[in-house]
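For reference, the structure I am asking about is given below.
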Amino acid sequence: MAFQSVEHLLSCSNQHPLWKAVVLDDCQDRDVTEQESFSRMETLWQAMVESVDSYDPQRRSASGLSGGQGARMEGAEHTLCGDFMQQVIATALKVGEHNACMGRIVAAPTAGASGVMPAVLLPLWRREGLSAHTMVECLFVAAGFGQVIATRASISGAEGGCQAEIGSASGMAAAALVHARGGTGEQMAHACAMALQNVLGLVCDPVAGLVEVPCVKRNVMGAVNAMACADMALAGITAAIPCDQVIDAMATVGRSLPSALRETGKGGLAATPAGHAIAQQQTKLVP
Ligand code: SF4
């Protein structure tokens, strides 16, 4: 059964590391062994790595709106953010574009938000030579927090706005990063809470109804937010509102968003003159 609260998740991790508590829950839920549970997540980690490594800078989405920007970012010189953050940004763009081009991605938690987790985990894995085992542990941590968000709020843009997709991915990624750095369960909860509260109210407004604009670049925001919140939590900075209460607030905000701002492509950026022009152009492309 999915974790109902972050508090429950933290209490289950009194005897084991938090990631292990999620493994054990999965074993019980799906009636599998720890080895089987771990292997399944390992497969997802490998798929995540492939979603970055198989990026083709020449490829364009059917709409022509996405492609090539991950490589452009990677090749930029003297970035304000520095080398490491440049890699994070480039990776988020690459996976977002790969998804728009119908490439294979890991929906963590959704296809639209699939760039956030690999964007923060792969550059760290490569820079610090972390083991694949550690990265799989990170995915279990993310899955634990993701379960709570899905249970108490939503991970669907149509239901809760983009806060539920990019926001959830950002919260999950922030918790996973804290694990990668050896932080405590409490620090993971603070990182997730801070990441979620930073994106509360974010609307879902895909231009022309395509998961491209603003989705691809919002993955960058989700990844950078996750990095900052993980660093804050690791530095001992705490969220004033407990993680479960932030998630509950996210659910309430999601329910109060008008339908125009929940993946209908009728509000926000989709309703701008440029958004309408792109939508119109797309209808001409459809045979
Ligand atoms: S804007 Fe909507 S479709 Fe795009 S990533 Fe956010 S939730 Fe998904």
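Residues take their numbers from the sequence shown, with the count starting at 1. Atoms within a ligand are numbered from 1 in the order they appear, just like the ligands themselves.
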With no hydrogens and no angle check, just 3.5 Å: does a side-chain donor-acceptor pair link Ser66 and Glu212? yes

Using a distance threshold of 2.8 Å, state whether an N, O or S atom of Cys162 lies below it from atom 6 (Fe) of ligand 1.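 Under 2.8 Å: Cys162 contacts atom 6 (Fe) of ligand 1 through an N, O or S atom.
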
Within the 3.5 Å criterion, strictly below it, is a donor on Gln147 or Thr151 matched to an acceptor on the partner's side chain?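 Their side chains do not contain a donor-acceptor pair, so the 3.5 Å distance test is not met.
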
Could you list the atoms of ligand 1 found under 4.0 angstrom from a heavy atom of Asp205? 1 (S)

Which residue and atom name correspond to the protein heavy atom nearest atom 2 (Fe) of ligand 1, and how close is it?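 Result for atom 2 (Fe) of ligand 1: Cys204 SG, 2.3 Å.
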
Give the residue and atom name of whichever protein heavy atom lies nearest to atom 8 (Fe) of ligand 1, and the separation in Å to one decimal. Glu165 OE1, 2.6 Å

Any side-chain donor paired with an acceptor under 3.5 Å for Gln280 and His276? no

Salt bridge or not for Arg255 and Glu159, using N-O below 4.0 Å?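 The answer is no: the pair does not qualify as a salt bridge.
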
Are Glu74 and Lys94 within salt-bridge range, i.e. N to O under 4.0 Å? yes

Which residue and atom name correspond to the protein heavy atom nearest atom 1 (S) of ligand 1, and how close is it? Arg218 NH1, 3.4 Å

Looking only at non-hydrogen atoms, which of Ala270, Pro206, Cys215 approaches atom 5 (S) of ligand 1 most closely?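 It is Cys215 that holds the nearest heavy atom.
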
